Amino acid sequence: MAATGADDWDGMTPERVAERRAAEALIVDVDGFEGPLDLLLTLSRTQKVDLRRISVLQLAEQYLSFVDRAKALRIELAADYLVMAAWLAFLKSRLLLPPDPAEAGPSAEDLAAHLAFQLERLAAMREAAARLMARDQKGRDFFARGAPDDRGVVRHVRWTASLLDLMQAYARIRTKDEFRPFVMDRHHVYTMDEALDRMRGLIGFAGDWTDLASYLPEGWTADPARRRSATAATFAATLELAKRGLVELRQSETFAPISIRRKDP
Amino acid sequence: MTEQERSLFEAPPIAEQERMVEAILFASPEPVTVAELERRMPHGCDPAEALAYLRRRYEGRGVRVVRVGDGHAFRTAPDLGHLMAREVVETRKLSRAAIETLAIIAYHQPATRAEIEEIRGVAVSRGTIDQLIEMEWIRFGRRRMTPGRPVTFVVTEAFLDHFGLESARDLPGLKELRSAGLLDNRPLPGAMGRGPDADDPDGDEAPGQTELFED
Amino acid sequence: MTEQERSLFEAPPIAEQERMVEAILFASPEPVTVAELERRMPHGCDPAEALAYLRRRYEGRGVRVVRVGDGHAFRTAPDLGHLMAREVVETRKLSRAAIETLAIIAYHQPATRAEIEEIRGVAVSRGTIDQLIEMEWIRFGRRRMTPGRPVTFVVTEAFLDHFGLESARDLPGLKELRSAGLLDNRPLPGAMGRGPDADDPDGDEAPGQTELFED
């Protein structure tokens, strides 16, 4: 490999090669990061200061240049890395610009402090996790009684199940349930055919503009679900009647009441 | 051999050896032979002597060191046997029918037998209900005020205890089961959740990351 | 009442009670609560006091009396773990995500999935929570009384037992973390708070399971 020399690098200059290698070294680690916060925490380590006094501005720049390099290498970064980049770019600009007194909401410093807090909290949890796992553990460092003491024991069979069994059983039944043939709840559904029949009977009297809502059948206006169903069916029936040239429709603006009247032949 | 080297190869004091034997006998599921002790303990130890000290230490205590075949083990003192007369339970998994019935009662309580059968799609055998009642995981609830006034079933405190739940309401909903991968992620035609919280679109946990960007 | 009758109803001397507690704890692989000891021992015994004596007696021995949640158990001294290598059962390797999730639940409990994700900055994968539940190190706690009523997770007694903790309050560094404000649920400035303060422990009113069957 070494003998073949630099020609194999597709004519790249040594600087480009070194640059690309450096970038790749970082990128290789992308898989090792558990999300943007983890990456930020790792980057912050280069500042070697207390996380409370970290320079969020500097950190934002490091993160953004990391993302730029990844893009230059056409590395697909997960969406949350890009969303974080966008937010950090926004934060960076807010940190650099003089505060706008007219602008409401939290200050750039508050946002930066919160990010520092998140990093500190994540670092603290990491450390806590490490301390927890470093504790003496049962079955490794200390042990419970090894032998079952059988004397004087009354044996019983106890039927048991775990919470997982229970949840899985329920999930299984519900899944099956969801594939039962679907039966409409007719009681609360007003069909278009019903609406058409009713409209045909009433339309003869509607010589003047009348609110569509007044055509809703009795007993279908109190309950919201029934009212919704009846309104939809009545509206659909009205469109059908309009198509047949039996009625005219009018609505003064979006969401305004719809009025209808008989269309005289 | 220097002084330091020698001390590295010196056996621990007998009191320390006694502690070692104590721990090994306690943790071992089987009686332990002297040869086995010797294999496990540091070079130069005298397990037989340590064992003798240990045996004397436990004389008259609530547990004793006894010889079992070639090995040695701790056993509770014979005069305290009556205290040990506890019910040791051999646990066996509940049948699928029983678990499903139990799950339905837990999620839908109070539930009548007809409701359980409707959800499971098969008849519930009398034995299944009896078994769950006998286990004290379900009990009778109020009668349903519908024709025939059917009895209902609800889960018991013992049930909650067993499953580490504070209340049956703490059971995860369908949506949570699905997101935990316990329920197939298939679309639901006319999905009926099991309650308002189960299918509340806002009940979904916003993944932490997105929250950073709200303002 | 004759002399003999009275003595029948008198509690045994404390030394005898200590032997009883010793035997019961020794025989049980699981922690035993004081209430359970009281149930098993003769009327009038004071298991808590007997336990205190017993605990002192075993200080520095190869096995010790430890407290686990509400229970007490004998456990081998941690410094002798190396002798027990044969008994070691390979514990399943936990991923970094699982370990961090476990720590977050332990330190922030009760913790919702959203809170875990907010702290870690990434989504909690399906299997992670499952695995921890299966290991019986975490369980469901009460639902949080916030929109969506998310389920919460708390650590179990088996978790405490495994890590040799008396209670979740004894987690290493807990006090320091709390006083440094690192266990606070601090929302992003300007964002809607979703703090534990919104938690109303008793407003726990029941939507949920029951409603499906009511009409």
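Note that the structure is a prediction, hence the values are computed from the model and not measured. Numbers restart at 1 for each chain; the letters A, B, ... are given by sequence-line order, proteins then strands.
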Beyond-backbone contact of [X] with [Y], side-chain heavy atoms, under 4.5 angstrom:
X       : Y       : value
F159(C) : L132(A) : yes
F163(C) : Q137(A) : yes
M125(A) : R120(C) : no
L80(C)  : F142(A) : no

Problem set entry | Interatomic distance, E120(A) atom CD to L177(C) atom CG [nearest 0.5 angstrom] |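 Spacing of CD (E120(A)) from CG (L177(C)) equals 9.5 Å.
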Problem set entry | Nearest-0.5 Å distance, CG of residue L160(C) to NZ of residue K138(A) | 11.0 Å
Interchain contact, [X] with chain A, by part (heavy-atom threshold 4.5 Å):
X       : answer
L25(C)  : neither
A77(C)  : backbone
Y107(C) : side chain
I104(C) : both
L171(C) : side chain

Look at [options] and state which one has the largest set of heavy-atom pairs under 4.5 Å with chain A.
options                           : answer
T101(C), I99(C), L174(C), I119(C) : I119(C)
L183(C), L165(C), I133(C)         : L165(C)
E30(C), H108(C), E136(C)          : H108(C)
G164(C), A103(C), A73(C), P172(C) : P172(C)

Problem set entry | CZ (F235(A)) with more than 12 external heavy atoms under 6.0 Å |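 Atom CZ in F235(A) is not crowded, with 12 or fewer foreign heavy atoms closer than 6.0 Å.
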Exercise. For Y58(C), does the OH atom sit with more than 12 other heavy atoms under 6.0 Å from it, leaving out its own atoms?
Worked result: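 More than 12 heavy atoms, drawn from other residues, nucleotides or ligands, come within 6.0 Å of this atom.
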Exercise. With a 4.5 angstrom heavy-atom cut-off, which part of L163(A) approaches chain C: side chain, backbone, both or neither?
Worked result: side chain
Problem set entry | Under 4.5 Å from a heavy atom of chain C, the part of R121(A) involved |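 Both backbone and side chain.
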Problem set entry | NZ/NE/NH1/NH2 to OD/OE distance under 4.0 Å, D38(A) and R96(C) | yes
Exercise. Which atom names give the shortest non-hydrogen contact between D141(A) and T76(C), and what distance separates them?
Worked result: O-OG1, 4.3 Å
For this session: Looking only at non-hydrogen atoms, find the nearest pair between G173(C) and R131(A) and report the distance.
Result: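 Result for this residue pair: N-NH2, 3.5 Å.
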For this session: Could you tell me which residues in residues 222-229 of chain A have at least one non-hydrogen atom under 4.5 Å from a non-hydrogen atom of chain C, sorted by residue number?
Result: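 So far as heavy atoms go, nothing in residues 222-229 of chain A approaches chain C to under 4.5 Å.
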For this session: Look at the side chain of R145(A) and the backbone N and O of S28(C), then say whether any donor-acceptor pair between them is shorter than 3.5 Å.
Result: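 Absent.
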For this session: Quick one: list whatever passes side-chain hydrogen bond (donor to acceptor under 3.5 Å, both in side chains) with R45(A), sequence neighbours left out.
Result: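 So R45(A) forms no side-chain hydrogen bond (donor to acceptor under 3.5 Å, both in side chains) with any residue.
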